[in-house]
Amino acid sequence: MSLLTGAGVTIDAGAPLWAGLVTDLAGKVPGFSDTFNRHRSAGIADTTVTSFIHSRFVDDYVRARNDVPERYVRLTAEVAWFQAIRDTIYANIPEEVAEVRKKHPYIETLARFCLRCESTITFNFDDILDQVATDVTAQYGQPPKTMWSLPAIEKVNFPYIYHINGLLPQNKNKKASEKLIFTEDSFLQVLYGGGTINRTVLHNFTNNTFLLTGVSLTDHSLKSILATNATQSPGSIHYIIHWIQTEDSLTEMQMHDISHANFELFNLVTIFLTSEQIKEFLDLVQTGVQEDGNQDLLDENFKSEIRRHAGPAAVLSYKYYIAGPVASGKSTLLENLRCFETLEEWPERTPAELYMDHKRLEPEQRLDVDRWVYRQLKVKNKHFVRGDPGIHVMDRAPLDLFAFSIDEKENRKKAGEIKEQVENDEKLSDGAVMLVVASPDELVERQLRRGRLPTSKGGVSYDGESLKIQTEQLKKTYPDAIVYNTDSCDSGILAKRALYEILYSEYAPLRISELNDARHKRPLEAADDSATT
């Protein structure tokens with residue numbers, strides 16, 4: 001997991017918000033207040049107004065400093081501009097980090113979280129979080145490295161805080177960045193000219209799950225990163241803490257509108273929290289994490305904390321199976337859901353017979369394939385049954401093999417073998433089933449695109465009628481499955497629909513073991529004729 005922070009995280013330490021910072025800087029330019037207010041009333045963006053302030057500030061400095069050599073006057077003007085920004089940012093922030101920790105309701109907890117993250121990106125010029133993170137670093141531990149340029153390599157063996165807009169440390173003797181992304185022209189350079197920065201940040205967003213806190217979605221550079229990521233990686237989701245002053249600051253409808261827009265536009269899951277609740281939330285997600293920073297090692301304390309907040313019957317592991325006929329798009333959907341824990345279709349190398357039409361297999365081949373499949377189901381089921389708290393997604397559901405039977409007699413036999421060979425020590429895990437389907441013509445066309453000829457054309461894949469029967473049997477096998485029709489639906493849209501289902505709809509797992517028992521006990525005379533091909 002990674003962290004992204006903005007000005008909101010240092011407000012409680014005494015730092016100004018962006019608008020307040022701009023207002024204070026405008027006051028440092030003599031005679032500019034009236035013009036500044038007119039610009040604001042006209043609706044001119046603060047980044048543009050800041051460009052006006054910067055230009056006026058530098059021009060006034062240059063005119064007033066006759067004691068500085070001409071070749072250095074512009075440079076010293078920029079130094080004075082940086083100093084004005086620094087003085088404004090830290091005017092009300094305690095100089096001692098211990099006082100900041102005491103004053104701020106959650107900065108210490110956020111700093112500990114920062115130390116355990118893959119990386120931290122901040123839009124802030126200040127180094128308050130950096131100081132606190134260094135202060136809370138365990139003895140002999142490694143404090144975060146403060147950076148204003150990206151690491152030379154993707155993987156580093158230390159925590160770091162990357163100041164994407166530049167850095168002005170509170171201690172004037174510490175090194176500051178040579179540039180600040182603060183005015184309109186500098187923002188445009190990042191948005192449209194800083195390709196390397198954006199590509200690397202986008203890469204981080206694609207390969208990590210970010211928690212955003214203290215940021216505003218009015219920031220153009222942040223919106224650009226989030227919108228691009230949502231388009232290029234539709235299955236990549238992130239979480240944003242939306243600060244509220246009190247629990248009743250927003251109505252249910254307001255929260256719904258904000259949450260829905262954030263998800264649709266930016267793939268963000270919105271969490272509405274007060275300052276005190278932010279601390280509780282950060283404490284919760286770190287419960288059970290070892291002090292060495294390995295966030296994967298959870299213990300029973302985490303589960304206990306979840307139950308303390310959500311009740312003793314709280315669901316800890318949300319499990320989803322992806323089912324569907326051949327070429328329906330199951331594996332593609334799984335690829336787009338890598339933000340969760342995922343299990344592949346088959347844990348082991350797939351035998352060649354599995355790619356053949358099951359009706360063309362010899363009896364001994366069918367037995368070998370069945371034994372191999374049962375072994376895979378057992379391995380996958382163990383992973384699902386013992387899954388850690390979180391969201392888990394598996395390619396193919398345990399009872400999909402019923403769709404590849406010759407008749408109902410074979411299905412009863414398979415159901416019995418599942419009980420004997422797969423469930424001999426653990427029942428099949430419950431889980432919601434996402435059934436991905438398409439029309440027979442569409443499924444055949446997809447196979448042809450992959451170079452798989454149907455049997456009707458001399459190949460070894462499935463024809464339209466076989467795929468239609470597979471679909472019908474899967475719908476009967478999982479009667480309460482969530483069905484997605486992928487006709488004229490690209491992978492991005494499908495991923496978005498599946499994400500929304502997982503994150504926002506009520507979890508409704510199917511009793512997979514009970515469905516198998518029912519198939520095993522089903523009288524042959526009640527079998528549907530469509531099971532026979």
Side-chain angles (χ1 to χ4, degrees), residues 313 315 317-326 328 330 343 345-346 354 358-359 361 366-367 369-387 392-437 462 466-485 501-502 505-533:
V315 176
S317 295
Y318 294 80
K319 298 164 185 175
Y320 292 84
Y321 296 103
I322 302 176
V326 172
S328 60
K330 302 180 301 299
L343 277 171
E345 182 177 13
W346 308 119
L354 214 68
H358 66 92
K359 298 186 297 296
L361 296 176
R366 295 183 71 84
L367 288 174
V369 167
D370 288 346
R371 283 193 290 266
W372 184 86
V373 168
Y374 295 141
R375 185 168 71 250
Q376 309 310 304
L377 292 182
K378 190 176 183 69
V379 170
K380 292 170 71 175
N381 190 58
K382 284 183 179 295
H383 280 286
F384 245 34
V385 169
R386 301 170 188 178
H392 303 259
V393 185
M394 181 190 294
D395 189 354
R396 281 217 174 277
L399 307 185
D400 283 18
L401 70 172
F402 292 157
F404 298 89
S405 298
I406 293 176
D407 53 28
E408 191 62 27
K409 181 179 180 180
E410 183 177 345
N411 276 338
R412 286 189 60 183
K413 177 175 176 291
K414 286 180 177 178
E417 289 170 341
I418 289 174
K419 291 174 66 68
E420 294 171 4
Q421 299 185 44
V422 180
E423 293 191 300
N424 52 358
D425 54 0
E426 290 176 313
K427 294 287 187 182
L428 293 174
S429 176
D430 295 344
V433 176
M434 294 178 161
L435 183 55
V436 185
V437 302
Y462 300 93
S466 297
L467 294 166
K468 178 182 177 182
I469 291 172
Q470 282 183 27
T471 303
E472 291 171 350
Q473 289 304 305
L474 288 167
K475 286 181 177 179
K476 291 175 182 177
T477 300
Y478 308 111
D480 295 311
I482 308 155
V483 180
Y484 299 105
N485 190 307
E501 179 70 37
I502 292 171
S505 297
E506 184 177 354
Y507 180 56
L510 303 187
R511 308 296 182 187
I512 304 297
S513 183
E514 293 178 11
L515 291 174
N516 185 61
D517 287 343
R519 202 63 176 252
H520 184 236
K521 298 173 183 176
R522 187 180 183 187
L524 289 179
E525 57 270 18
D528 192 309
D529 291 338
S530 64
T532 303
T533 59

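Hydrogens, waters and symmetry mates are skipped; everything else that's a heavy atom, side chains included, is used.
Residues N411 and S405 approach most closely at OD1-OG, 2.5 Å, considering heavy atoms. Taking every heavy atom of both residues into account, K378 and D425 meet most closely at NZ-OD1, 3.0 Å. For the pair Q470 and V326, the tightest heavy-atom approach, listed with the atom from each and the gap, is OE1-N, 3.2 Å. Across all non-hydrogen atoms, the minimal contact from L428 to N381 is CA-OD1, 3.4 Å. Residues I482 and A432 share a closest heavy-atom pair of CD1-CB, 4.5 Å. Closest approach of K330 to A323, counting heavy atoms only: CD-C, 3.5 Å.
Here the CE-CD1 distance, from M434 to I322, works out to 7.0 Å after rounding to the nearest 0.5 Å. In this structure, L399 CG and K476 NZ are separated by 15.5 Å, a value rounded to the nearest 0.5 Å.
Within the 4.5 Å cutoff, side-chain heavy atoms of K475 are placed close to those of L435. A heavy-atom distance below 4.5 Å is found between the side chains of R396 and W346. At least one side-chain heavy atom of V433 sits less than 4.5 Å from a side-chain heavy atom of I512. Inter-residue side-chain proximity for Y462 and I469 is flagged as unmet; no heavy-atom pair is nearer than 4.5 Å. Contact of the Y318 side chain with the I502 side chain is not registered, since no non-hydrogen atoms from C-beta on lie closer than 4.5 Å. At a threshold of 4.5 Å between non-hydrogen side-chain atoms, the residues H520 and I418 do not count as touching. With contacts defined as side-chain heavy-atom distances shorter than 4.5 Å, the pair P479/L515 qualifies. In this structure the side chain of R366 reaches within 4.5 angstrom of the side chain of I406, judged on heavy atoms.
The pair K414-E410 meets the salt-bridge criterion, with a side-chain N (NZ, NE, NH1 or NH2) lying under 4.0 Å from an Asp/Glu carboxylate O. Ion pairing of R522 with E408 is present here, as a side-chain N (NZ or NE/NH1/NH2) and a carboxylate O approach within less than 4.0 Å.
When each of N424, D517, N516 is paired with K419, the side chain to side chain donor-acceptor pair (under 3.5 Å) condition holds for D517 and for no other.
Every residue two or more places apart in sequence or in another chain that forms a side chain to side chain donor-acceptor pair (under 3.5 Å) with K413 is listed here: E417. Partners of Y320 under the side chain to side chain donor-acceptor pair (under 3.5 Å) rule, at least two apart in sequence or in another chain, do not exist in this structure. Listed by chain and number, the residues in a ring pair (Phe, Tyr, Trp, His ring centres under 6.0 Å) with F384 are Y321 (sequence neighbours excluded).
Under a 3.5 Å cut-off, the side chain of S513 and the backbone N or O of K427 do not form any donor-acceptor pair. No donor-acceptor distance shorter than 3.5 angstrom exists from the side chain of T471 to the backbone of P325, with no hydrogens or angles considered.
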- Message: One pair to check against side chain to side chain contact (heavy atoms under 4.5 Å, CB included): H383 and V379. What are the steps and the verdict?
- Response: CA-CA 7 Å; H383 280 286; V379 170; 4.2 Å; yes
